[in-house]
Amino acid sequence: MEKKNQLLHVAFIMDGNGRWAKARHLPRHLGHKEGCERIIDIYEECLALGIKVMSLYAFSTENWNRPKGEINHLFRYLDIFFKREIDRMVKDGCSVVISGDISKLPVKTQKTLQKSIELTKNNTRFYFNICLNYGGKDELVRAAKLFAQDVKDGKKEIEDLNEKSFEDYLYTKGLPPVDLLIRTSGEMRTSNYLPWQLAYAEFIFPKTPWPDFTKEEFRKCLDIYYGRDRRFGGIKDE
Ligand code: IPE
Ligand code: IPE
Ligand code: MG
């Protein structure tokens, strides 16, 4: 397949863990456990393909509506994930980026995340952006407040704000826009994920639930992506 589209940034909404578990008569949290195993497979594939950034929706600002037990399991699996994988991420030249307010997470998970950021902060080969307690509306309101504060402090003029400079106030500062969004499990919505960054992304909605989303499934999505016409408001090349 001819790779006519560039692919710098791929974002995932890792959905369907609960339904995957339910279909196996397992508790929902075992779906999250299995889902965490897929993260590293897809990470490896992104690195192998020369992609620069992967973003993962791991916990939304709306996911606090879930039972406390499920939430605790989720953060525990993420803690285990980072403890297990951080050494290879360091070796791979991967930088861990967090999007979202992690101050509301269990202290243990916060510490693991802070350590992961610290250990990888100088890496530039690949960016692993994990969205935790992330909400797109929350991110935009936060950005507006940060800019307003800079104006108030005399560091910025209102005229300084434009589509480029606004990005400095987002969690994803410095990262390229999302080229491809993949949401597993067949749901066709963005659920408050990266509204700014997805403005010109291609969307693919595979039916596969996240715990079954293998490297092969990912490659099938990439074939679809490379076949798409991205026009960015222009017209197709003759
Ligand atoms: C996605 O799987 C994981 C998180 C939201 C953290 P779900 O838990 O939403 O799985 P379904 O959608 O209920 O199957
Ligand atoms: C979106 O999935 C959030 C994550 C995958 C972390 P949800 O399962 O929470 O979204 P809705 O409720 O179906 O929109
Ligand atoms: Mg879901």
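Ligands are counted one by one from 1 in listed order, and the atoms in each one are counted from 1 as well. As the structure is a computational prediction, the values presented were derived from the model and not from experiment.
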Would Asn162 and Ser165 count as a side chain to side chain donor-acceptor pair (under 3.5 Å) if you check the C-alpha gap in whole Å, the side-chain angles of each, and the deciding distance to 0.1 Å?
CA-CA 5 Å; Asn162 55 50; Ser165 64; 3.3 Å; yes
Check the Mg ion (ligand 3) and write out every protein N, O or S atom at under 2.8 Å, as residue and atom.
Asp15 OD1
Given Phe59, which partner from the list Trp64, Tyr193, Tyr134 fulfils the ring-ring contact (aromatic ring centres under 6.0 Å, His included) test?
Trp64
Using the salt bridge (charged side-chain N to carboxylate O under 4.0 Å, His left out) rule, take Glu167 and Lys173 through it: C-alpha gap first, then chi angles, then the decisive distance, then the call.
CA-CA 6 Å; Glu167 298 190 338; Lys173 177 183 178 180; over 6 Å; no
Check: Phe218 ring centre within less than 6.0 Å of Phe12 ring centre
yes
Given the rule in the side-chain contact (heavy atoms from CB on, under 4.5 Å) test, do Ile130 and Phe81 qualify, once you have shown the distances and angles that lead to the verdict?
CA-CA 12 Å; Ile130 182 140; Phe81 171 84; 5.8 Å; no
Find the distance between CG (Leu175) and NE2 (His9) and round it off to the nearest 0.5 Å.
6.5 Å
Residue shell around ligand 2, heavy atom under 4.0 angstrom
Ile13, Met14, Asp15, Tyr57, Ala58, Phe59, Asn63, Arg66, Arg183, Arg189, Ser191
Verify, without hydrogens or angle tests, whether Thr120 (side chain) and Ser116 (backbone) share a donor-acceptor contact under 3.5 angstrom.
yes
Residues Glu85 and Arg88 bridged, charged N to O under 4.0 Å:
yes
Evaluate side chain to side chain donor-acceptor pair (under 3.5 Å) for Arg183 paired with Thr190, printing each intermediate quantity in order.
CA-CA 8 Å; Arg183 181 175 188 148; Thr190 56; over 6 Å; no
Show your working on salt bridge (charged side-chain N to carboxylate O under 4.0 Å, His left out) between Arg38 and Glu45 and close with a plain yes or no.
CA-CA 11 Å; Arg38 289 300 81 68; Glu45 196 63 9; over 6 Å; no
Taking 4.0 Å as the limit for heavy-atom contacts, which would you say applies to Arg28 with ligand 1: side chain only, backbone only, both, or neither?
side chain
